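These notes are about the structure you will find just below.
Naming convention: chains lettered A, B, ... in sequence-line order (proteins, then strands); numbering from 1 in each chain. As the structure is a computational prediction, the values presented were derived from the model and not from experiment.
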Amino acid sequence: MPRSEPIKAVRGVRDILPAEMPVWRAAQAGAAAVARRYGYEEIITPIIEHAELIERVGEDTDAVAKELYRFDDRGGRNLALRPEATAGVVRAYFEGALNQGAQPSRLYLFGPMFRYDRPQKGRYRQFYQFNVEAIGSAAPGLDTEVVELAGDWLNEVGLQDLRLELNTIGDGKCRPPYLERLKEYYRPLKSQLGGDSQLRLERNPLRLLDSKVPQEQPFKNGAPKIIDHLCDECAEHWSSVRRLLDAASIEYQLNPYLVRGLDYYTRTVFEFYPGGATGQQDALASGGRYDGLAEAEGWPSTPGVGFAGGLDRVTELIAAAGSELTTSSPADVLVLPDGELAVEAAEVARICRAVRSVAVDYEAKSLRAKMRSANKLGARWVVLISAEDAARRVAQLREMSTGDQVELAWVELPTRLA
RNA sequence: GUGGCUAUAGCUCAGUUGGCAGAGCACCAGAUUGUGGAUCUGGGUGUCGCGGGUUCAAGUCCCGCUAGCCACCCCA
């Protein structure tokens, strides 16, 4: 008989199976607990946004220029699957009138993001982030707060050996003149740059600094550094952030080549890596200040700061650390009816659900086979019902670990199972 | 988007210079006249990723495609 190919998952996406859920729950529960401890509230925003919202805030970034899932809906609207969460959260902050409440608005969010990237370990086309955003304040204390929150989260889920990299990239006042200096420095070297970097030189020169092309590395050393060209306000902010981090005993490495892929970042930028990181796609959390984002979206100019944590990567590290997290049995009790006793089995299950999680085996299999699956399920008890039992409204309650079995009236089951 | 490696049973994989498709685990049935785990017995459950090509003959060699992994790129 000809068979068609089974339909498999879309490239670059994956299922999080029940066996993996304990680790995911731990990562998310830890994140939510830490966020609430800092006074942050949960928010959920849509996965689809107007493509323009996404494009306005990062047209020169790979995530938007090359990796955006974009489509027209049936009404002709140009939409996109969000590649990151911050643009949508800032939009919701205004649309939901959070800008009229206490400032800053402290928000956290879980959800999937989408980028049309080439799949690789730790890199998926649908991936999950934990986002934290503090919107409506330019205070340097908030830069430090979100860095500390990110670190607390990673520590809380069992990741101790971390590396925090930190930099500042100025703002709309001091960055443009700095970029001119950078271009002036690189223009004479243009012929020695790779093709990608030659394009970046005029379009997004900041990205020249985190180029990993070996022959371009020597040029970085002589390149002007933004830290030497900050405006007074940015310099003041930068020193405040560093002072607050020092006061909090948070260790970090200054990385003058750390820039962000997204254009709306200003001032502070940071990334957390696992301590022994060797690969390139293993940033666990990264973020920074985005004082230019609200305005880029067409809303009143409003400062903000936050970070995005990668749940896919964090859960992978938790699992690799071999923690004690295990799946428990989905049901404490399995009801095994004899023959055609589905009605009675369902009733018994209903009674037992007052005190325990209960499943019913409705399959037309031998009792032996049902017992085997009860064992595999990991049920603590089975409730056996024969036709004769059902007529008398009794059942055989068997404790799987000991094999002890007693006959009980149905109504007695909850007290016995409690 | 670029390059390398890979794709055989539900899973992990073996399959020689091209010559009848295999193992372990899992699964099903039985030993136990319906009561699990241990043991034993029996059962292969497969368009060899897809499509072409070479050949008397292709899982094996060649080409294309798809997917996975790894590196680049980029980021979470």
Original post:
Among rA76(B), rG1(B), rG36(B), which is the nearest nucleotide to the side chain of R398(A)?
Top reply: rG36(B)

**OP:** Mind checking G287(A) for me? I need base, sugar-phosphate or nothing, with any heavy atom below 4.0 Å counting as a touch.
**Re:** nothing

Subject >> P119(A) side-chain proximity, nearest of rA76(B), rG68(B), rG3(B) >> reply: rG68(B)

Original post:
Taking a pair as Watson-Crick or G-U wobble with both distances under 3.5 Å, which nucleotide is matched to rG18(B)?
Top reply: none

Strictly under 3.5 Å: I want the nitrogen or oxygen pairs between protein and nucleotides 28-30 of chain B, one per line.
from    : atom 1 : to      : atom 2 : distance (Å)
rC28(B) : OP2    : R372(A) : NH2    : 3.3

Original post:
Expressed as a whole number of Å, how far does the C1' atom of rU6(B) sit from that of rC28(B)?
Top reply: 32 Å

**OP:** Indicate, with a heavy-atom threshold strictly under 4.0 Å, whether A308(A) touches base, sugar-phosphate, or nothing.
**Re:** sugar-phosphate

Original post:
Using atom P of each nucleotide, how far apart are rC65(B) and rG4(B) to the nearest Å?
Top reply: 12 Å

**OP:** Could you check how far CG of D361(A) sits from C1' of rU35(B), rounded to whole Å?
**Re:** 13 Å

**OP:** Only one of R163(A), E165(A), R242(A) passes side-chain hydrogen bond (donor to acceptor under 3.5 Å, both in side chains) with Y252(A); say which it is.
**Re:** R242(A)

**OP:** Check whether more than 12 heavy atoms from other residues, nucleotides or ligands sit under 6.0 Å from atom CD of E251(A), and answer yes or no.
**Re:** no

**OP:** Kindly point out which of rU2(B), rC72(B), rC70(B) is positioned nearest to the side chain of K121(A)?
**Re:** rC70(B)

**OP:** Tell me which nucleotide among rG37(B), rG3(B), rA76(B) gets nearest to the side chain of F127(A).
**Re:** rA76(B)

Subject >> Candidates rA76(B), rA71(B), rC69(B) - which lies nearest the side chain of Q120(A) >> reply: rA71(B)

**OP:** Check every strand shown and say whether Q405(A) touches a base, only sugar-phosphate, or nothing at a heavy-atom separation below 4.0 Å.
**Re:** base

**OP:** Would you tell me whether E133(A) and Y290(A) have side-chain atoms, one donor and one acceptor, within less than 3.5 Å of each other?
**Re:** yes

Original post:
Side chains of E399(A) and R416(A): closer than 4.5 Å at any heavy-atom pair?
Top reply: no

Subject >> Atom P, compared across rG46(B) and rC11(B): separation rounded to whole Å >> reply: 12 Å

Original post:
So what does L384(A) touch, heavy atoms closer than 4.0 Å: a base, only the sugar-phosphate, or nothing?
Top reply: base

**OP:** Take E20(A) and T315(A), measure what side chain to side chain donor-acceptor pair (under 3.5 Å) needs, and give me the verdict at the end.
**Re:** CA-CA 9 Å; E20(A) 305 167 71; T315(A) 52; over 6 Å; no

Original post:
With a centroid cutoff of 5.5 Å and a plane-angle limit of 30°, would you call Y128(A) stacked on rA76(B)?
Top reply: no

Subject >> Of the listed nucleotides rA67(B), rA76(B), rU35(B), the one nearest the side chain of R11(A) >> reply: rA67(B)

Original post:
Going by atom types only, do Q129(A) and N131(A) share a side-chain donor-acceptor pair under 3.5 Å?
Top reply: yes

Subject >> Results of side chain to side chain donor-acceptor pair (under 3.5 Å) for E156(A) - residues two or more places apart only >> reply: R37(A)

Subject >> Heavy-atom pair of closest approach, residues R11(A) and R125(A) >> reply: O-CD, 3.3 Å

**OP:** Assign Y124(A) to base, sugar-phosphate, or nothing according to its heavy-atom contacts below 4.0 angstrom with the strands shown.
**Re:** base

Original post:
Using purine N1 to pyrimidine N3 plus N6-O4 or O6-N4 for Watson-Crick, or N1-O2 and O6-N3 for G-U wobble, each under 3.5 Å, what pairs with rA67(B)?
Top reply: rU6(B)

Subject >> Options rU35(B), rG36(B), rA76(B), nucleotide nearest the side-chain atoms of N375(A) >> reply: rG36(B)

